[in-house]
Amino acid sequence: MNHLKLWLLINTFFITIITTQTLLAENQIPTTLDGPFKPVTRRFDPSLRRGSDDLPMNHPRLKKNATSNFPEQISIAISSPTSMWVSWVTGEAQIGSDVIPLDPASVASEVWYGKESGKYESRGKGNSTVYTQLYPFEGLSNYTSGIIHHVRIDGLEPGTKYFYKCGDSSIPAMSEEHVFETLPLPSPNAYPHRIAIIGDLGLTSNSSTTIDHVIVNDPSMILMVGDLTYANQYLTTGGKGAPCYSCAFPDAPIRETYQPRWDGWGRFMEPLISSSPMMVIEGNHEIEPQVSGITFKSYLTRYAVPSEESGSNSNFYYSFDAGGIHFVMLGAYVDYNSTGAQYSWLKQDLNQVDRAKTPWLVAAWHPPWYNSYSSHYQEFECMRQEMEALLYQYRVDIVFSGHVHAYERMNRVYNYTLDACGPVYITVGDGGNIEKVDVDHADEPGNCPSAGDNIPEFGGVCHINFSSGPAEGKFCWDKQPEWSAFRESSFGHGILEVVNSTYALWTWHRNQDIYKDDSHGDQIYVVRQPELCIASTLEGSGKPEDGRGLTNEAADLLARWTRFAASIEMLTVAVIWTSFY
């Protein structure tokens, strides 16, 4: 009898192998295990416009519909696996030469929530504030915001739908009912359904198409990788955009921002981010300098992030868990040097990550380190030189950035060298903003920037000539770099779907494909190889050891086994999914 059971077990095992290989063969979606890939460029489609004008403030999606002290611009953000931030705005913002701030204490901050529609068994209270944007120059308008409310609601159960209202019940002025679903607890077997990644969104017609497309894709969470509203490029430019602001307006005493665009952006985004948590990180368009050298006031005041919860105590950088993924959000426009507070916090945060609970480690910041477009080429090379070794040491799996207004996915890379244990860097700064899509590549004749181009708005300049490889001794490649796997100049957004502890499906959706069935611009399975790429925690090791210590033959065998084991895990997940549908 025991022999029969063993035979049946072996038979089932090999049937599983054959079935898995068949499914993978039929799938046709490449994996990072098939890489590194030969670089591919898909040229800008000349039948498309490179951009569109800003939406006017009286556009139906931007104008104010709430009255008096009723909530508007409602948004949510992850605080912890069992808590959520709810934010909104009440009252009237003011713009002009003389503005008088509202009293934040005049309206209460309450959230009612529960598991059934219309039944709110729990209550949460929070705080409120206002901010001002002041310009000491004749002809520039000052601004003071409505009352901005933030409430942290606790005791939430994972994977559970909650219904909520926010506002002030004593007036009474409570919002309509909204609904969200909490994410799973940290676990190698539980992940958000879909994660949308958006960069450089703005408020144009293209931005509208992007958000409409995101809503169709029904994300569980949104990662917004900087440059949200482009409020600092609206009023002075007449809503037409200016890729080089200082070139177009050399006599401007300060880069003015038209703060009502933030209010319009909050209304524009509310249908999405009142039900799906949005996790933001700052970009250069959020700097917004004003009187006394104050910066980032809008960004810091309007949106809640888990800074205290993650121990950073700074809205410029923080971390959080979403199921089996640990996200690290980094600030490129604050001190990133290895002697600074952000680096120290990052090192401690990475050291505390338990890959048994959160196998996936994903990082995001605004300006890309790896970028083959002329725009912003090597702009944040200083940040790369300071932080890349630490991220490589702890085996970050994927990095998302924006800033460049196009799409680009890299082969796994470390220090400009193809490396099977390096992260997959992806640029998605193609949300649709006013500055139009980038089309020039630094490796094409006449497009290599000069040493004086692409000066960062924060930090130093560390432009380098490559010291090895096909571009040795040169500032730019003379062909698409080997670390650039795929690039295309189109507006769009990305969706990350983590399948299990080793496989994640990445899909880039182009705006022009919104009305096409099952269409996308780029798609690949990002595959982790934990057995091959063991994280190194050696202090002061520079480029850390790759953790292998294997012969080439042994490493290849291990890679094959990792791929097979992951395939079996994928099949198991597929069977489970099938059972639900």
Side-chain angles (χ1 to χ4, degrees), residues 64-93 102-131 145-185 192-193 215 218-222 262-263 265-280 301-309 315 320-322:
K64 184 173 181 177
N65 293 315
T67 59
S68 185
N69 286 312
F70 279 86
E72 63 156 355
Q73 305 178 47
I74 301 169
S75 66
I76 60 174
I78 296 168
S79 170
S80 77
T82 58
S83 58
M84 193 78 74
W85 283 105
V86 181
S87 304
W88 67 96
V89 179
T90 59
E92 296 292 338
L102 299 174
D103 178 9
S106 63
V107 182
S109 307
E110 302 176 56
V111 176
W112 299 357
Y113 58 104
K115 298 178 187 177
E116 295 183 43
S117 177
K119 296 183 179 180
Y120 312 111
E121 299 175 348
S122 302
R123 302 282 193 275
K125 292 187 177 182
N127 56 68
S128 58
T129 187
V130 298
Y131 77 91
S145 70
I147 300 172
I148 300 169
H149 305 259
H150 300 296
V151 176
R152 185 175 184 262
I153 55 177
D154 300 298
L156 304 178
E157 297 178 12
T160 303
K161 185 175 291 186
Y162 283 89
F163 301 84
Y164 74 97
K165 288 186 174 184
C166 59
D168 184 346
S169 61
S170 68
I171 294 178
M174 297 295 287
S175 70
E176 295 181 354
E177 183 179 82
H178 295 271
V179 61
F180 66 84
E181 186 171 335
T182 54
L183 301 181
L185 292 173
H193 177 53
I215 291 173
D218 189 26
S220 306
M221 186 186 90
I222 300 107
W262 280 94
D263 296 308
W265 198 85
R267 297 168 194 134
F268 173 78
M269 293 294 291
E270 181 180 324
L272 176 62
I273 62 178
S274 60
S275 57
S276 297
M278 179 181 70
M279 311 307 292
V280 300
T301 309
R302 288 180 179 268
Y303 294 100
V305 299
S307 54
E308 291 186 13
E309 297 92 321
N315 284 31
F320 64 97
D321 293 328

Taking side chain as C-beta onward, heavy atoms only, is [X] less than 4.5 Å from [Y]?
{"X": "Trp262", "Y": "Ser145", "value": "no"}
{"X": "Val86", "Y": "Tyr113", "value": "no"}
{"X": "Glu181", "Y": "His193", "value": "no"}

Nearest heavy-atom neighbours spanning [X] and [Y]:
{"X": "Pro71", "Y": "Gly167", "result": "CG-CA, 3.6 Å"}
{"X": "Ala77", "Y": "Ala304", "result": "CB-O, 3.4 Å"}
{"X": "Leu185", "Y": "Pro81", "result": "CD2-CB, 3.7 Å"}
{"X": "Pro192", "Y": "Ala322", "result": "CD-O, 3.4 Å"}
{"X": "Ser128", "Y": "Val107", "result": "OG-O, 4.2 Å"}

What pairs with [X] under side-chain hydrogen bond (donor to acceptor under 3.5 Å, both in side chains), at least two apart in sequence or on another chain?
{"X": "Ser87", "answer": "His150"}
{"X": "Glu308", "answer": "none"}
{"X": "Lys125", "answer": "none"}
{"X": "Glu92", "answer": "Lys64"}

Within the distance-only criterion (no hydrogens, no angle test), does the side chain of [X] pair as donor or acceptor with the backbone N or O of [Y] below 3.5 angstrom?
{"X": "Glu270", "Y": "Ile74", "answer": "yes"}
{"X": "Thr182", "Y": "Gly159", "answer": "yes"}
{"X": "Ser109", "Y": "Val151", "answer": "no"}
{"X": "Ser275", "Y": "Leu272", "answer": "yes"}
{"X": "Ser68", "Y": "Phe70", "answer": "no"}
{"X": "Ser106", "Y": "Pro104", "answer": "no"}

Can you see whether [X] engages [Y] through a side-chain donor-acceptor pair at a distance of less than 3.5 angstrom?
{"X": "Asp263", "Y": "Gln73", "answer": "yes"}
{"X": "Glu309", "Y": "Ser79", "answer": "yes"}
{"X": "Asn69", "Y": "Thr90", "answer": "no"}

Which value, rounded to the nearest 0.5 Å, describes the distance between [X] atom [atom1] and [Y] atom [atom2]?
{"X": "Thr82", "Y": "Leu183", "atom1": "OG1", "atom2": "CG", "result": "11.5 Å"}
{"X": "Met84", "Y": "Arg152", "atom1": "CE", "atom2": "CZ", "result": "11.0 Å"}
{"X": "Ser75", "Y": "Arg302", "atom1": "OG", "atom2": "CZ", "result": "10.5 Å"}
{"X": "Met221", "Y": "Met279", "atom1": "CE", "atom2": "CE", "result": "7.0 Å"}
{"X": "Asp168", "Y": "Ser175", "atom1": "CG", "atom2": "OG", "result": "12.0 Å"}

Working for side chain to side chain contact (heavy atoms under 4.5 Å, CB included), residues Ile153 and Ser122: CA-CA 9 Å; Ile153 55 177; Ser122 302; over 6 Å; no
Residues in ring-ring contact (aromatic ring centres under 6.0 Å, His included) contact with Trp88, at least two apart in sequence or another chain: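 Checked Trp88 against ring-ring contact (aromatic ring centres under 6.0 Å, His included); matches are His149.
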Which residues share a ring-ring contact (aromatic ring centres under 6.0 Å, His included) with Tyr303, sequence neighbours left out: none
Stepwise side chain to side chain contact (heavy atoms under 4.5 Å, CB included) test for Glu177 and Ser117: CA-CA 8 Å; Glu177 183 179 82; Ser117 177; 2.7 Å; yes
Option passing side chain to side chain contact (heavy atoms under 4.5 Å, CB included) with Ile76 (candidates Tyr162, Trp85, Phe180): Phe180
